[in-house]
Amino acid sequence: MHTPLLHYLDHRIALYVGDLTDHAVDAIVNAANSSLYGGGGVDGAIHRRGGPAILDACRAIRSSLWPDGLPVGQVAITVGGELPARHVIHTVGPIWGRHGGAEARLLADCYRNAIELAASLGLKSIAFPAISTGVYGYPPAEAAVVVSRTLAAVMREQPGITQLRLVFFDARQFDIFVAHQQFSD
Ligand code: AR6
């Protein structure tokens, strides 16, 4: 079930096709919306499989840290509930065409902030979905450029993250990423 299809950056980054919620890592990242109250796509899958403990933790975050919602590019961590992953790092990706040209910077913020939060807590393994490339409409080829360049930089700064997984829902998304990634430029 968990066979990496490709590696980058000295095997610290591994690419998979499948369901993010299957991954037993220290943290999976949720492509949430700013309400943190759940939704469709990977967000729906995480809440369904993780159970009510995740939503309870999200409500606590809304009432304490982020009463107006989690801003785009920011992150918040909760328990993993019944998921195989120990934690969920929720982030809000940019909606394509809604940020006046700041979409790439905001998408990079999601990845950078999630990794930095994980590292600050001593977590070592983290798995990401392709943030914003579903309902939020970010073109997957353009996301591949931003994500790979961001990861190449951030992973150099964070040697404590020994395993970072990018999990694509289907083979087409995986192929587009591989064709457009710029890990080594
Ligand atoms: N495992 C891995 N990838 C998945 C899974 C899964 N179980 N399910 C979907 N994907 P999306 P966004 C892929 O729409 O674009 C939600 O309603 C999917 O094929 O989940 O950031 C939130 O509440 C796509 O490639 O997230 C927000 O309102 C990628 O995950 C909004 O959608 C992201 O698609 C966020 O939109």
Side-chain angles (χ1 to χ4, degrees), residues 1-6 13-25 27-52 54-55 57-59 61-62 66 68-78 80-85 87-99 102-114 125-148 150-151 164-181:
M1 182 171 62
H2 285 161
T3 311
L5 300 176
L6 259 183
I13 295 180
L15 270 52
Y16 293 77
V17 171
D19 187 338
L20 180 72
T21 67
D22 286 337
H23 284 257
V25 285
I28 61 171
V29 177
N30 184 15
N33 58 67
S34 68
S35 81
L36 295 181
Y37 295 154
V42 72
D43 193 6
I46 286 170
H47 281 279
R48 268 195 307 280
R49 183 146 175 206
I54 297 176
L55 189 56
C58 286
R59 288 189 201 286
I61 287 166
R62 282 296 306 277
W66 298 106
D68 299 325
L70 186 65
V72 177
Q74 295 301 305
V75 294
I77 191 165
T78 68
E82 292 160 36
L83 289 166
H87 305 277
V88 177
I89 295 177
H90 305 263
T91 189
V92 184
I95 300 176
W96 182 250
R98 291 274 187 88
H99 301 280
E103 287 84 355
R105 178 179 59 75
L106 291 165
L107 185 64
D109 284 351
C110 292
Y111 285 83
R112 172 179 286 279
N113 287 330
S125 57
I126 183 168
F128 285 88
I131 296 166
S132 284
T133 65
V135 174
Y136 281 1
Y138 208 110
E142 299 190 32
V145 174
V146 172
V147 170
S148 56
T150 301
L151 293 180
L164 186 149
R165 301 179 180 185
L166 299 179
V167 182
F168 298 93
F169 209 29
D170 59 40
R172 195 182 137 271
Q173 298 277 323
F174 169 85
D175 288 342
I176 293 172
F177 184 91
V178 172
H180 294 276
Q181 56 76 27

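Residue numbers run from 1 in the order of the sequence given. As the structure lists them, so they are numbered: ligands from 1, and atoms in each ligand from 1.
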**Complete:** atom 28 (O) of ligand 1: of Thr21, Asn33, Leu36, Ile95, the nearest heavy atom sits on Asn33
**Selection from Gly41, Gly40, Ala130, Pro140 by shortest heavy-atom distance to atom 16 (C) of ligand 1** = Gly40
**Message:** Which of the numbered atoms in ligand 1 are under 4.0 angstrom from any heavy atom belonging to Asp43?
**Reply:** 22 (C), 23 (O)
**Prompt:** Taking only heavy atoms of Gly39, which atoms of ligand 1 are found under 4.0 Å from at least one of them?
**Reply:**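 Those atoms are 17 (O), 23 (O).
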**Complete:** Any heavy atom of Ala31 under 4.0 Å from ligand 1? The part involved is both
Below 3.5 Å, N or O to N or O, backbone or side chain included: is there any such pair between [X] and ligand 1?
X      : result
Leu20  : yes
Gly134 : yes
Val135 : yes
Val42  : yes

Protein heavy-atom partner closest to [atom] - residue, atom, separation in Å:
atom                    : answer
atom 21 (O) of ligand 1 : Ser132 N, 2.8 Å
atom 13 (C) of ligand 1 : Phe169 CB, 3.9 Å
atom 24 (C) of ligand 1 : Thr133 OG1, 3.6 Å

**Request:** Report yes or no: does Asp109 contribute a side-chain atom to a donor-acceptor pair with the main-chain N or O of Val72 at less than 3.5 Å?
**Result:**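 Answer holds: no.
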**Asked** Hey, is Arg49 close enough to Asp22 for a salt bridge, meaning N to O under 4.0 Å?
**Response** yes
**Prompt:** Does ligand 1 have any atom that is closer than 4.0 Å to a heavy atom of Gly18?
**Reply:**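 Yes; Gly18 lies near enough to ligand 1 that a heavy-atom distance drops under 4.0 Å.
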**Request:** Name all residues meeting the side-chain hydrogen bond (donor to acceptor under 3.5 Å, both in side chains) criterion together with Asp175; count only those two or more places apart in sequence or in a different chain, and write none if there are none.
**Result:**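 Applying side-chain hydrogen bond (donor to acceptor under 3.5 Å, both in side chains) to Asp175 gives none.
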**Asked** Given the side-chain rings of His23 and Tyr16, with only the six-membered ring counted for Trp, is the space between their centroids under 6.0 Å?
**Response** yes
**Asked** Side chains of Thr78 and His90: donor-acceptor distance under 3.5 Å anywhere?
**Response**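 Side-chain D/A pair, Thr78 to His90: present.
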**Request:** Please identify each residue that fulfils side chain to side chain contact (heavy atoms under 4.5 Å, CB included) with Ala143, with sequence neighbours left out.
**Result:** Leu107, Thr133, Tyr138
